[in-house]
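In what follows, chains carry the letters A, B, and so on, assigned in the order in which the sequence lines appear, proteins first and then strands, with residues in each chain numbered from 1.
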Amino acid sequence: MEKSRSELGQIIIGVARDPLGLMGLIIVGVIVFCAIFAYWIVPYDPIAMDIKSRLQGPSAAHLLGTDQLGRDTFSRVIAGGQVALKVALPAVFGAMAIGLTLGMIAGYGPKWLDNLLMLFFDTIRSFPTVMFALAVVALIGPSLQTVVFVVMATSIPTYGRVARTQTLTLRNSEFILAERSMGASMARILGVHMLPNIIGVLAVLAAMDIPTVIALEAGLSFLGLGVKPPTPSWGALLKDGYSLIRQTPWLVVGGGLPIILATLGFTFLGESLRDVVDPKLRKQR
Amino acid sequence: MTDTLLEIDHLSVDYETGRGDLKALRDITFDVNKGEIVGIVGESGCGKSTLISSILRLTAPNTRFREGEIRFKGQDLLQSSERHMRELRGADISIVFQDPMQTHNPVLTIGQQMLDIQHRSKQSKPDKLAHAAKMLGAVGIPDPEARLKQYPHEFSGGMRQRIAIAMALMSEPDLLIADEPTTALDATLEVQIIERLQELQREFHCAILFISHHLGVIAELCERVVVMYAGAVVESGEVREIFHNPKHPYTRRLIECDPGHIKERARVLPTIPGEVPDLANLPGGCIFRDRCDQAMARCATEVPPLDQLKEGHHAACWLNHEEVTT
């Protein structure tokens with residue numbers, strides 16, 4: 001356990017040495033910090049209305065002004081970050097876990113199972129994400145869980161395919177043959193020997209995927225397919241701001257800026273992580 | 001018969017390919033006794049690797065066992081369940097592979113890997129680690145406790161091969177298959193590994209099936225030797241007998257070609273002219289006929305059987321029959 005911690009430490013040091021990586025690390029750190037401690041940071045209840053002070057510009061009392069219902073935009077941005085991570089993290093890690101399992105089975109198992117799983121992956125991939133989301137929302141209604149489900153379902157094939165390819169390259173390597181000749185079962189080979197070889201690549205993929213998911217959540221909320229109205233979300237802020245842009249530009253800024261920052265931060269982090277975890281990829285770039 | 005550990009009995013193995021069946025092994029018969037070191041020699045492509053993977057039943061999907069039996073402690077491995085095979089592998093039969101740079105998982109420490117292969121044992125983790133350290137010590141890795149925390153890339157090739165041997169011997173198997181364990185190493189290391197194997201064999205009393213194309217190593221290590229050519233056994237017997245009195249032209253030529261046997265300086269190393277026949281389209285008669293300088297009319301029509309010439313010496317060549325008849 002100590003060993004793996006020091007490895008994690010080495011990876012973080014490696015990322016921090018890269019200027020872009022350091023920037024990503026700081027942005028992601030701030031977003032995660034704000035999301036975790038949102039309850040203590042927000043100056044106002046993000047869903048408390050105050051009609052008298054509606055559509056205000058930035059002031060000492062309201063850092064980013066207020067919206068059409070007098071809600072504090074800054075509080076809603078912070079709370080929206082929490083929602084964004086609540087969607088992104090479970091969706092990405094859920095998709096990674098399922099995709100990894102299915103992908104490894106596809107890569108290591110019999111040919112017919114591989115074909116079946118690949119058909120399944122390709123079927124999912126053939127749906128445009130937003131269309132798929134529309135259908136699911138129409139079916140079970142908009143909510144946080146719906147967004148998580150849609151995002152997870154649409155990104156499983158990406159992880160599955162990568163895990164499958166990695167497994168296929170590893171399955172004929174000599175050390176796997178050596179493990180088989182030592183009497184290791186399929187579960188042992190996949191879990192103990194393949195997994196540590198594959199997980200690094202998938203972790204990088206996940207880090208690069210988080211901004212996509214955040215943008216997707218914002219997009220769905222913007223279309224009214226995401227989280228339900230009183231819940232603050234960056235996409236919902238953007239949607240409100242879009243219709244009120246003549247009255248106040250601060251809603252659009254409050255919704256748009258964090259999306260841009262989060263996307264940039266996670267992308268920087270992901271790219272830097274990729275270079276640190278796999279030096280071979282850096283040369284190809 | 002009680003001291004026979006492994007019996008290979010008229011084994012024939014084909015690979016199904018687009019060009020038809022590739023007859024990788026034909027009518028292989030030999031035994032390995034308990035605690036004995038048997039060598040298998042033959043050039044590349046003679047079926048050595050197919051033989052090993054058949055014994056472990058870790059064959060490619062297009063492998064077809066056409067005939068014969070592989071009996072381990074009297075039980076036919078070709079009829080055993082997959083589960084039974086898995087129980088045998090790494091417990092009663094283990095293997096050391098050719099290339100030590102490839103046989104360890106690059107992302108796990110040696111200690112983690114040695115713990116993992118003891119998954120059958122009910123011992124506690126510290127006991128298993130102690131056992132792993134003891135085994136590393138036995139193969140001559142200095143400071144084994146500290147070395148357990150290192151990754152494979154932190155070891156040299158010779159050390160990795162010794163670790164592979166330690167792993168293979170960890171469960172005290174009855175049969176150790178060594179698939180050209182010294183081919184990827186240099187000559188000095190080769191001697192070290194061979195000596196270590198000999199010591200360990202005395203200590204653990206396991207039988208070793210030693211595959212090599214290095215005759216010197218076979219002569220040094222083995223008691224008996226099986227000479228294979230193009231998927232068939234051409235000669236088998238005690239090492240001394242085979243090396244001093246080879247009865248098959250292939251064996252004779254092989255010994256002549258061994259650099260250790262060359263007395264005079266030559267510009268070109270001696271070779272056996274000709275090529276191995278196409279296994280998918282075997283010619284009739286003796287398989288070595290085209291390359292044999294003593295081929296006769298009979299060799300083109302009839303396949304010479306593997307006959308016992310004297311106690312413990314078999315060869316498949318019509319020349320030996322001529323001697324008997326004339």
Whether [Y] and [X] form a salt bridge (side-chain N of Lys/Arg under 4.0 Å from carboxylate O of Asp/Glu) is what I want to check.
| X | Y | result |
| --- | --- | --- |
| B:K73 | B:D174 | yes |
| B:E154 | B:R147 | no |
| A:D122 | A:R161 | yes |

Side chain to side chain contact (heavy atoms under 4.5 Å, CB included) evaluation trace for B:Y15 with B:R64: CA-CA 6 Å; B:Y15 287 123; B:R64 300 288 172 270; over 6 Å; no
Largest heavy-atom contact set with chain A, pairs under 4.5 Å, which of B:V107, B:N105, B:I177, B:I117: B:N105
Backbone of B:I211 reached by a side-chain donor or acceptor of B:E180 within 3.5 Å: no
Test item: A:R171 side-chain N/O and A:G107 main-chain N/O as donor-acceptor pair under 3.5 Å: yes
Toward chain A, the part of B:R57 with a non-hydrogen atom under 4.5 Å: neither
Leading residue by heavy atom contact count with chain B [cutoff under 4.5 Å; candidates A:S185, A:A184, A:G200]: A:S185
Close approach to chain A in residues 77-98 of chain B, criterion heavy atom under 4.5 Å: B:R86, B:R89, B:G90, B:I93, B:S94, B:I95, B:F97, B:Q98
Aromatic ring pairing B:H153/B:Y151, orientation class (parallel under 30°, perpendicular over 60°, tilted between): parallel
Portion of A:S173 that has a non-hydrogen atom of chain B nearer than 4.5 angstrom: neither
Portion of A:L170 that has a non-hydrogen atom of chain B nearer than 4.5 angstrom: neither
side-chain hydrogen bond (donor to acceptor under 3.5 Å, both in side chains) between A:D209 and A:Y159, worked out: CA-CA 10 Å; A:D209 214 18; A:Y159 295 99; 2.9 Å; yes
